[in-house]
Protein chains: 2
Amino acid sequence: MTDPHDCPGCAVPDLAFAAHDHAQCTQDALDRAEALTRTAGARMTPVRRRVLEILLEEHKALGAYDVLARLATEGFGNQPPVAYRALEFLVDQGLAHRIQRLNAFAACAHVGEDHAPAFLICRSCHMVAETAATAARSSLDAEAARAGFRVERSTIEALGICPGCQGAS
Amino acid sequence: MTDPHDCPGCAVPDLAFAAHDHAQCTQDALDRAEALTRTAGARMTPVRRRVLEILLEEHKALGAYDVLARLATEGFGNQPPVAYRALEFLVDQGLAHRIQRLNAFAACAHVGEDHAPAFLICRSCHMVAETAATAARSSLDAEAARAGFRVERSTIEALGICPGCQGAS
DNA sequence: CTTGTGTATGTAATATCATAACACGTCAAC
DNA sequence: GTTGACGTGTTATGATATTACATACACAAG
């Protein structure tokens, strides 16, 4: 990876399931997260940063209790609110997303960009790829508008099989 | 509860939040459900039928425990599996949908049709309207295909404000 | 430097959502 | 009339999430 701000594996949909220099894109995402929270007047505290790191290290969605277990072994609190609050913060800041279908959370792969994400969830290896869904969201908004419904937030998730797991199995 | 004025719509997207004869569409849906399950070789038992009725009567998504509470007062079992099994059956048969965002279930408004539903969830009155999302699903499938991902099931849900709650408060 | 204020964290207790495992009853096929 | 598949009921437990309150910490005003 020559340009630290362009990690193919993490940011480009086409390569969402491809191997890449993950350590580099993790570090880059952390750096951007720090900058963004400072700009937003929010505080990137140790627990919050650690939770984001954990989400970035794993390339999949983690449950709140998975995150909590890892925090607990590192000297942070071991009660659910510790994890839920940090995760909520990250989601609010746009640094992570909640995957409804899995009751789980994944680091945002497009930190700082104004994006309309959809999630591709592999039911075999449990990887979660974040992809742009601008068209799908437009369609949904248009359909909702026809019924007079004002959309505030939307959830678009696909469950299926990733490229890597199609050959295998 | 069966007051047509509380009914945002059962079947027609354009009328999704409009008043209509809810008792009639409920009965229609039940009749169609009976026919479909017979065709599929499945059994529409008393518990299952009652759960479907309950979902149709209420004009919103119901949690499994809400359904269970009503079943229990009517002489059915009062343990969670009773509700979850009936709901799972209805979802498998395409007679109901699960709303991921709410951990809840809603009767299908398009029984028997091959449809690609999206759900419009009013965060004010908690009503849920089922609408066609063919275009949105196509977009999502296309985007997934670009990444080599094979979509099996997808979830499209919008959270916002329904027409009735926009004027009111 | 101290203090007041808002925010973050830790903890206990509880609420809510979901499933595993097993017993029993029914009914049709043989 | 026995077998086997399915549906239902029940016990128990697991998994996910929130409320409420206490403590600690950052930071700016005095």
Side-chain angles (χ1 to χ4, degrees), chain A residues 33-34 37-38 40-52 54-55 60-93 95-106 121 126 155 157, chain B residues 33-34 37-38 40-52 54-55 60-93 95-106 121 123 126 128 155 157:
Chain A
E34 297 270 0
T37 50
R38 241 189 330 267
R43 291 194 243 164
M44 180 56 83
T45 64
V47 200
R48 292 168 175 175
R49 176 171 19 248
R50 189 64 194 118
V51 169
L52 180 55
I54 289 168
L55 291 181
K60 58 184 186 185
L62 290 180
Y65 280 72
D66 296 330
V67 171
L68 180 59
R70 298 198 47 179
L71 288 177
T73 67
E74 299 171 14
F76 295 101
N78 68 340
Q79 297 301 311
V82 173
Y84 281 103
R85 285 191 291 229
L87 289 165
E88 180 185 33
F89 171 84
L90 295 174
V91 170
D92 286 349
Q93 297 296 314
L95 302 173
H97 298 289
R98 175 166 201 148
I99 315 298
Q100 299 284 349
R101 184 141 207 139
L102 304 176
N103 291 324
F105 302 82
I121 306 162
H126 304 116
T155 299
E157 298 172 1
Chain B
E34 297 270 0
T37 50
R38 243 190 325 267
R43 290 194 243 165
M44 181 55 86
T45 64
V47 199
R48 292 167 175 176
R49 180 177 9 254
R50 189 64 193 120
V51 169
L52 180 54
I54 289 168
L55 291 181
K60 56 185 185 185
L62 290 180
Y65 280 72
D66 296 330
V67 171
L68 180 60
R70 298 200 45 181
L71 289 178
T73 66
E74 298 172 15
F76 296 100
N78 68 341
Q79 297 302 312
V82 173
Y84 280 104
R85 285 191 291 229
L87 289 165
E88 181 184 34
F89 171 85
L90 295 173
V91 170
D92 285 348
Q93 297 296 315
L95 302 173
H97 298 289
R98 175 167 200 148
I99 314 298
Q100 300 285 348
R101 182 144 209 138
L102 303 175
N103 292 324
F105 301 83
I121 305 162
R123 66 166 168 75
H126 303 117
V128 174
T155 299
E157 298 173 359

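Here is the naming used below: chain letters follow the sequence lines, and residue numbers restart at 1 for every chain. All heavy atoms count here, side chains included; hydrogens, waters and symmetry mates do not. A quick note: this is a predicted structure, and the numbers were derived from the prediction, not measured.
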* Spacing between B/F105 atom CZ and C/dT16 atom P, to the nearest angstrom -> 17 Å
* State whether B/R85 places a side-chain N or O below 4.0 Å from either non-bridging phosphate oxygen (OP1 or OP2) of C/dT19. => no
* Heavy atoms, side chains only, cut-off 4.5 Å: are B/L55 and B/L95 in contact? -> no
* Asked: Roughly how many Å is it from CG in A/L71 to P in C/dT11, rounded to a whole number?
  -> 12 Å
* Any donor-acceptor pair under 3.5 Å linking the side chain of B/E157 with the backbone of B/Q100? -> yes
* To do: Can you figure out which of D/dA12, D/dG9, C/dT11 approaches the side chain of B/F76 most closely?
  => D/dG9
* To do: Provide, to the nearest angstrom, the distance between the CD atom belonging to B/Q100 and the P atom belonging to D/dT16.
  => 14 Å
* Starting at the 5' end of DNA chain D and moving along, which residue's nearest nucleotide shows up first, B/P80 or B/P46? -> B/P46
* Structure fact -> Which of B/V51, B/T45, B/V47, B/T37 passes side chain to side chain contact (heavy atoms under 4.5 Å, CB included) with B/F89? Answer is B/T37
* Gap between atoms CG and C1', on B/L87 and C/dT19 respectively (whole Å) -> 14 Å
* Structure fact -> Of the listed C/dC17, D/dC6, D/dT10, the closest approach to the B/N103 side chain comes from C/dC17
* Counting heavy atoms from C-beta on, name the nucleotide in D/dT8, D/dT16, C/dT11 closest to the side chain of A/Y84. => D/dT16
* Structure fact -> Whichever of A/Y65 and A/N78 has the more 5' nearest nucleotide on DNA chain C, that residue is A/N78
* Measure from the side chain of A/P81, starting at C-beta and using heavy atoms only, and say which of C/dA12, D/dT10, C/dT19 lies closest. => C/dA12
* To do: Respond yes when some side-chain nitrogen or oxygen of A/R48 is under 4.0 Å from OP1 or OP2 of C/dA8, and no when none is.
  => yes
* What is the distance, rounded to the nearest whole Å, between atom CE of B/M44 and atom C1' of D/dG7? -> 14 Å
* Taking the side chain as C-beta and beyond, is there a heavy-atom pair between B/L71 and B/I54 under 4.5 Å? -> yes
* What is the distance, rounded to the nearest whole Å, between atom CD of A/E74 and atom P of C/dT9? -> 15 Å
* To do: Quickly work out the B/D92 CG to D/dG7 P distance and round it to whole Å.
  => 11 Å
* Asked: Are any of the side-chain heavy atoms of A/K60 and A/D66 separated by less than 4.5 Å?
  -> no
* Nucleotide of C/dA8, D/dT10, D/dG9 approaching A/R43 most closely (side-chain heavy atoms) -> C/dA8
* Asked: When you measure from the side chain of A/V47, which nucleotide among C/dT11, D/dT10, C/dG10 comes out closest?
  -> C/dG10
* Between D/dA22 atom C1' and A/Q79 atom CD, what is the distance in whole Å? -> 14 Å
